[in-house]
Amino acid sequence: NLVQRHQSEFAKGCSTPPLQPMDPTALPPPLSATETANPENSNIVVLNVGGTKFTTSKKTLMAEPDSFFYGMVSTGCWRPDPSTGEYFIDRDPQFFKEILNYLRQGDLDGNLRGLLGNDSPLSPQERQFLFEQIDFLQIDSLLAAIPSNMFTRSSKKKKPPAQKVTFVRFM
């Protein structure tokens, strides 16, 4: 099974072969005491997003195939900080809670729907910022739910859209 992703920093120089993608609907087996003590084996994940901590599960992070998080979890190349057990993501935490809730629920809840809708309380700049966060995280189903006339890719970056790359497991 191929996992297509835009090239990201956590996959560069990975000496560990990628893990096989897990069925996001499967329940993991109970963790032993040894696994619980090792954050890399735990089903619980602590994300430090720009200094704000979010706790979630690997199942939630793998809910969207081909996303940034799916690549993070399935490759096994991105390791938590050994001193804190947290995965650091150098992004602004604004709107991250709403994006994480989307992954948990699989649909637009009232809050995120309101932020993305035509009568959004956000300024055009804030809506554009939210779009760019979703685009960075490559949550394709959420990108597809956004009306195309509401957001644009920033012209100042002058980069083509993110290229998709394939991660394969070597036996």
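Bear in mind the structure is a predicted one, so any value in this text is a computation, not a measurement.
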Heavy-atom closest contact ([X] atom, [Y] atom, distance):
X      : Y      : value
Leu103 : Ala63  : O-CB, 3.5 Å
Asp140 : Glu64  : N-OE2, 3.3 Å
Arg79  : Tyr87  : C-CE2, 3.6 Å
Ser67  : Ile139 : CB-CG1, 4.5 Å

Any chance you could lay out the side chain to side chain contact (heavy atoms under 4.5 Å, CB included) test for Ile134 and Tyr102, step after step, and finish with the verdict?
CA-CA 11 Å; Ile134 295 167; Tyr102 172 79; over 6 Å; no

Is the Phe96 ring parallel, tilted or perpendicular to the Phe54 ring (thresholds 30°, 60°)?
tilted

Below 30° counts as parallel, above 60° as perpendicular, anything between as tilted: where do the rings of Phe129 and Phe95 land?
tilted

Hey, what do you get for [atom1] ([X]) to [atom2] ([Y]), rounding to the nearest 0.5 Å?
X      : Y      : atom1 : atom2 : value
Thr56  : Lys97  : OG1   : NZ    : 14.0 Å
Leu100 : Leu137 : CG    : CG    : 10.0 Å
Thr52  : Ile89  : OG1   : CD1   : 11.5 Å

As a quick check of understanding, evaluate side chain to side chain contact (heavy atoms under 4.5 Å, CB included) for Gln133 and Gln94, giving each step before the final call.
CA-CA 9 Å; Gln133 296 297 337; Gln94 184 182 16; over 6 Å; no

Do Phe69 and Leu47 touch side chain to side chain, with heavy atoms closer than 4.5 Å?
yes

Starting from Phe88, can I reach Ile44 by hopping between I/L/V/M/F/W/Y residues whose side chains sit under 4.5 Å apart?
no

Is Trp78 linked to Val46 within one hydrophobic cluster, defined over Ile, Leu, Val, Met, Phe, Trp and Tyr using a side-chain heavy-atom separation of less than 4.5 Å?
no

For a side-chain contact (heavy atoms from CB on, under 4.5 Å) with Arg104, tell me which candidate from Leu61, Thr60, Ile99 qualifies.
Thr60

Any donor-acceptor N/O pair, Gln138 side chain to Asp135 backbone, under 3.5 Å
yes

